[in-house]
Amino acid sequence: MIKITLPDGSVKEYQESVTALDVAKEISEGLARNVLAAKVNDSVVDATLPITEDADLTLFTWNDTEGKAAMWHSSAHLMAEAIEILYPSAKFGIGPDIERGFYYDIDFGEKDIVEADLKNIEKKMLELAKQKQTFERSMISKQDALDFFTKKDDEYKMELVNDLEDGEISLYKCGDFVDLCRGPHIPHTGGIKAIKLTSIAGAYWRGDEKRKQLTRIYGITFPKKKELTEYLELLEEAKKRDHRKLGKELELFTFSQKVGAGLPLWLPKGAILRENLENFLKKVQKEAGYQPVITPHIGDVNLYKTSGHYQKYGEDSFRTITTPVENEEYFLKPMNCPHHCEIYNAKPHSYKDLPVRYAEFGTVYRYEKSGELHGLTRVRGFTQDDAHIFCAPDQVKDEFKSVMDIVMKIFTALDFKDFTTQISLRDPNTPEKYIGSDENWEKAENAIIEVAKEQKLDYKIEYGEAAFYGPKMDFMVRDAIGRSWQLGTIQVDYNLPERFELEYVGSDNEKHRPVMIHRAPFGSLERFIAVLIEHCAGKFPLWLTPEQVIILPISEKYQKYSEKVLSLLKKNDIRAEIDARSEKTGRKIRDAELKRIPYMLIVGEKEEADGTVSVRQQGEGDKGSMQLEEFAKLINDEVIKMMG
RNA sequence: GCCGAUGUAGCUCAGUUGGCCAGAGCAGCUGAUUUGUAAUCAGCCGGUCGGCGGUUCGAAUCCGUCCAUCGGCUCCA
């Protein structure tokens, strides 16, 4: 007798082994048709796998992440099957499901696969899907698996098998295609109704730059054609928020081939936006006890030899700057910390001074490889909202906490909710890779985790992701099309204080080494603004937006009054302009709407007579008329409210 | 850097298999219009068809190469 417990607590009993699919059938035929995978106790398995003992059972359909994963992973197999038919010499690497769809890494040998070939593969896949092929699982010994893939002449699968333990190796057969796979898979291919192979890319085998590059084909499938159409429409919509597109449309920034790749040029409106952000942070930092510093854009090569960056990154940096003096070399600064260390060293410090916090909007230059450049999110010249905190080891936690407060203040002011926090700690297996005492590491790591808990952050810990010089916490945000970017960062550093021989005199009159905390709540202004643009689709918060108000006179006759309105707004520090073109009001409104200007003030005969303005809010429409002073106050109150 | 794709006016895009002085809309300029909540009309200006080299009687179109951009991989102090 087998007892199967369902999520609602109900229990079903069976005489002998039963499959998840059988259980589903018993509930309803419809459910059985939609079941894609199942969770038996804690493992997600095929819905067709016999359950032989008492178990908790959850059924997964397309509505569950696990169901989608099974569908897409199965689609990867289906694609491989189609490819094996169309290109018999193809060898297969790995083909997992991903967040949105799946991919398969394939070695096509001499044959070059181009985008035009994808249609053909799609067609073959659909044809195979219609056959409702089942996924047949079989357990196999390591030796048999090796023999199988040797015979198939697939060195990639052989390598994968070699890394597996005997006894845990399973194969899945779908049509004539047999693949090494842990599963789970959907019951049969009939559920795959709509297929789109989205792109083709190169991908190094096992992610290793030194190994062969395979052809990666990305795709996505759906149980209904309509869903594919909707998905593609959603993608199109998302592309409208792309910061590269909006940056151009809203005249925020541009690039010039003459200036150079990855070197953004900030246009007047973008510069205002950026300045507003900088001022906001400067104010917050001032309140938090930071001292502004300013350092030059270049530094003697020896500075970076001391910091160690020359040895590590010298080759991949902008080349050395030489001078008329022989053997004199400078570097374009790739980070601000070495300069700040020298500021710290400019005078002796007492424990009573600590923590010392030096802040600078420091522009740095890094020679990113050509294929890595990306709009404003990955550039070669960018400005960090950098600061370095020098403190005693037992101050790390409090400092970390106060940095977190700043980060949260910023995220709140900008209505950033969709971020994740990553805490990067040591790899416990390789302690020799890290500099600094165990005791200090432990102190810092615990402090970070505690602060994250206190802030009730949704964080995940990554072991082994810490830099060799200290643990860190990063804030990650997604862009319009789902890519994840790192924004703010807080890093503990035991290395630079050592290398620059930073000291403070303690209460014991002995010299001590301070701990250094690097922190940049925005990360870089460039990347932050890029993400911000996509986040708000170009509709910036009122306090930040370059143009807050536009005055739209009905005709030339009201130019004088418009100017009066303008001057009053300017007196109130409101950023406003007049659209004095000889256009119809409808046209002026349309243009202002497209420029995402939050408020439009329409002025004509009535307004002039009453000293009022007719207010229209971007995206909202007509708000009626109000006294001019009343409007100015409304704007200022809103700005104050948002900036906290 | 690697794989694949793209590059025509400030912007968005047309330009069939190589063939007349390379087109359109928007923006810009000039003029007319003086306008009430998402595009007034007309005329004009604007392009070494990404750069360089080649094939050809003839190249935006074919080939090579370099650059930039886009989708990925790798990388990201």
Side-chain angles (χ1 to χ4, degrees), chain A residues 103 105 108 112-118 198-218 239 242 244-245 248-249 251 254-258 260-262 304 307-314 316-317 333-338 364 366-375 377-380 382 384 467-469 472 481 483 485-486 489 491 493 495-496 518 523-524 527 552-559 581-595 600-607 614-625:
Chain A
Y103 68 77
D105 285 346
F108 282 95
D112 283 329
I113 293 295
V114 295
E115 245 165 60
D117 299 319
L118 296 182
T198 46
S199 69
I200 196 161
Y204 301 106
W205 172 233
R206 306 204 110 176
D208 187 344
E209 203 177 359
K210 294 185 183 65
R211 303 196 67 177
K212 184 160 181 169
Q213 191 165 53
L214 307 182
T215 304
R216 173 172 298 180
I217 301 178
Y218 284 91
K239 279 188 192 149
D242 192 307
R244 292 164 296 192
K245 185 176 157 66
K248 203 182 269 177
E249 282 172 13
E251 298 178 9
T254 189
F255 289 90
S256 147
Q257 275 199 38
K258 273 210 184 85
Y304 303 107
S307 73
H309 293 111
Y310 178 84
Q311 296 82 325
K312 199 161 163 80
Y313 295 103
D316 303 319
S317 296
K333 80 171 167 189
M335 77 267 301
N336 307 297
C337 14
V364 296
R366 297 178 184 177
Y367 193 81
E368 305 292 358
K369 289 192 258 173
S370 62
E372 289 158 357
L373 298 174
H374 185 104
T377 47
R378 196 80 188 271
V379 288
R380 285 179 174 161
F382 57 96
Q384 295 177 314
F468 72 93
Y469 52 76
K472 60 174 181 174
I481 52 176
R483 286 176 293 218
W485 296 94
Q486 180 204 309
T489 180
Q491 309 189 3
D493 187 344
N495 180 44
L496 288 184
H518 309 247
S524 87
R527 182 178 289 177
L552 312 179
I554 293 298
S555 85
E556 271 171 22
K557 285 182 243 164
Y558 312 105
Q559 180 66 18
R581 294 174 303 165
S582 116
E583 294 287 351
K584 290 185 168 178
T585 310
R587 175 54 182 273
K588 293 184 183 181
I589 286 169
R590 181 185 150 80
D591 289 347
E593 287 277 349
L594 291 175
K595 281 155 87 179
M600 288 152 259
L601 301 182
I602 293 126
V603 297
E605 197 178 348
K606 278 202 302 284
E607 289 76 13
S614 184
V615 181
R616 182 187 166 100
Q617 199 174 351
Q618 202 271 346
E620 304 269 324
D622 195 351
K623 293 281 170 187
S625 67

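Just so it is clear: chains get the letters A, B, ... in the order the sequence lines come, proteins before strands, and each one is counted from 1.
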Under 4.0 angstrom, heavy atoms only, what part of the nucleic acid is [X] near: base, sugar-phosphate, or nothing?
X: A:Gly604; result: base
X: A:Gly371; result: base
X: A:Glu607; result: base
X: A:Arg616; result: base
X: A:Gln486; result: nothing
X: A:Thr215; result: nothing
X: A:Gly375; result: sugar-phosphate
X: A:Lys248; result: sugar-phosphate
X: A:Lys369; result: base
X: A:Glu583; result: base
X: A:Ala201; result: base
X: A:Glu115; result: sugar-phosphate

Rounding to an integer number of angstrom, what distance separates [N] and [M] when you compare their [atom1] atoms?
N: B:rG50; M: B:rC44; atom1: P; value: 27 Å
N: B:rC66; M: B:rA5; atom1: P; value: 16 Å
N: B:rG23; M: B:rC45; atom1: P; value: 13 Å
N: B:rU56; M: B:rA60; atom1: C1'; value: 16 Å
N: B:rG53; M: B:rG58; atom1: P; value: 16 Å
N: B:rU61; M: B:rG18; atom1: P; value: 11 Å
N: B:rG46; M: B:rU34; atom1: P; value: 31 Å
N: B:rC63; M: B:rG7; atom1: P; value: 13 Å

What is the distance from [atom1] of [X] to [atom2] of [N], rounded to the nearest Å?
X: A:Trp205; N: B:rC2; atom1: CH2; atom2: C1'; value: 18 Å
X: A:Leu214; N: B:rC73; atom1: CG; atom2: P; value: 14 Å
X: A:Phe108; N: B:rC3; atom1: CZ; atom2: P; value: 16 Å
X: A:Arg380; N: B:rG1; atom1: CZ; atom2: C1'; value: 11 Å
X: A:Lys333; N: B:rA77; atom1: NZ; atom2: P; value: 18 Å
X: A:His374; N: B:rG72; atom1: NE2; atom2: P; value: 8 Å
X: A:Phe255; N: B:rC11; atom1: CZ; atom2: P; value: 15 Å
X: A:Glu605; N: B:rG36; atom1: CD; atom2: C1'; value: 11 Å

Pairwise 5' ranking along RNA chain B for A:Asp208 and A:Glu556, keeping only the more 5' one: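 Comparing both residues, the 5'-ward one is A:Glu556.
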Starting at the 5' end of RNA chain B, which residue's closest nucleotide do you reach first, A:Ala261 or A:Gly314? A:Ala261
Keeping [X] on the side-chain end and [Y] on the backbone end, is there a donor-acceptor pair under 3.5 Å?
X: A:Gln213; Y: A:Tyr204; answer: no
X: A:Glu593; Y: A:Gly619; answer: yes
X: A:Asp117; Y: A:Val114; answer: yes
X: A:Arg378; Y: A:Leu373; answer: no

Report yes or no: is the cationic atom of A:Arg380 (NZ for Lys, CZ for Arg) closer than 6.0 Å to the six-membered ring centre of A:Tyr367, at no more than 45° off its axis?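 Yes; both conditions hold, so A:Arg380 lies above the ring face of A:Tyr367.
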Salt bridge between A:Lys369 and A:Glu209, side-chain N to carboxylate O under 4.0 Å? yes
Under a 3.5 Å cut-off for both distances, is [N] Watson-Crick or wobble paired, and to whom?
N: B:rA39; value: none
N: B:rC44; value: B:rG28
N: B:rU6; value: B:rA68
N: B:rU56; value: none

Determine whether a donor-acceptor pair (one donor, one acceptor, N or O, separation below 3.5 Å) exists between the side chain of [X] and the base of [N].
X: A:Arg378; N: B:rC75; value: yes
X: A:Tyr558; N: B:rG36; value: no
X: A:Gln213; N: B:rC2; value: yes
X: A:Thr585; N: B:rU35; value: no
X: A:Gln257; N: B:rA68; value: no

If every non-hydrogen atom of A:Lys588 is compared with every non-hydrogen atom of A:Glu583, which pair is closest and at what distance?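 Shortest heavy-atom contact: CE-O, 3.5 Å.
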Smallest heavy-atom separation, A:Arg616 atom then A:Ile602 atom, equals CB-CD1, 4.2 Å
So, does [X] get its side chain near the phosphate of [N], meaning an N or O under 4.0 Å from OP1 or OP2?
X: A:Arg244; N: B:rC70; result: yes
X: A:Arg587; N: B:rA38; result: no
X: A:Arg483; N: B:rG72; result: yes
X: A:Ser370; N: B:rG1; result: yes
X: A:Lys557; N: B:rU35; result: yes
X: A:His518; N: B:rA77; result: no

Candidate nucleotides [options], ranked by approach to the side chain of [X] - the nearest:
X: A:Ser582; options: B:rG36, B:rU40, B:rC76; value: B:rU40
X: A:Arg216; options: B:rA5, B:rU37, B:rG72; value: B:rG72
X: A:Ser555; options: B:rC73, B:rU35, B:rA5; value: B:rU35
X: A:Leu373; options: B:rG1, B:rG36, B:rU69; value: B:rU69
X: A:Ile200; options: B:rA77, B:rC73, B:rG4; value: B:rG4
X: A:Ala203; options: B:rC73, B:rC76, B:rG4; value: B:rC73

Ignoring hydrogens and angles, state whether a donor on the side chain of A:Gln491 or A:Tyr469 is under 3.5 Å from an acceptor on the partner side chain.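 There is such a pair between these side chains.
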Do A:Arg216 and A:Tyr218 have side-chain N/O donor and acceptor atoms under 3.5 Å apart?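 A donor-acceptor contact under 3.5 Å links the two side chains.
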A:Tyr218 aromatic ring stacked with six-membered ring of B:rG72, 5.5 Å and 30°: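 Whether judged by distance or by angle, A:Tyr218 falls short somewhere, so it does not stack on the base of B:rG72.
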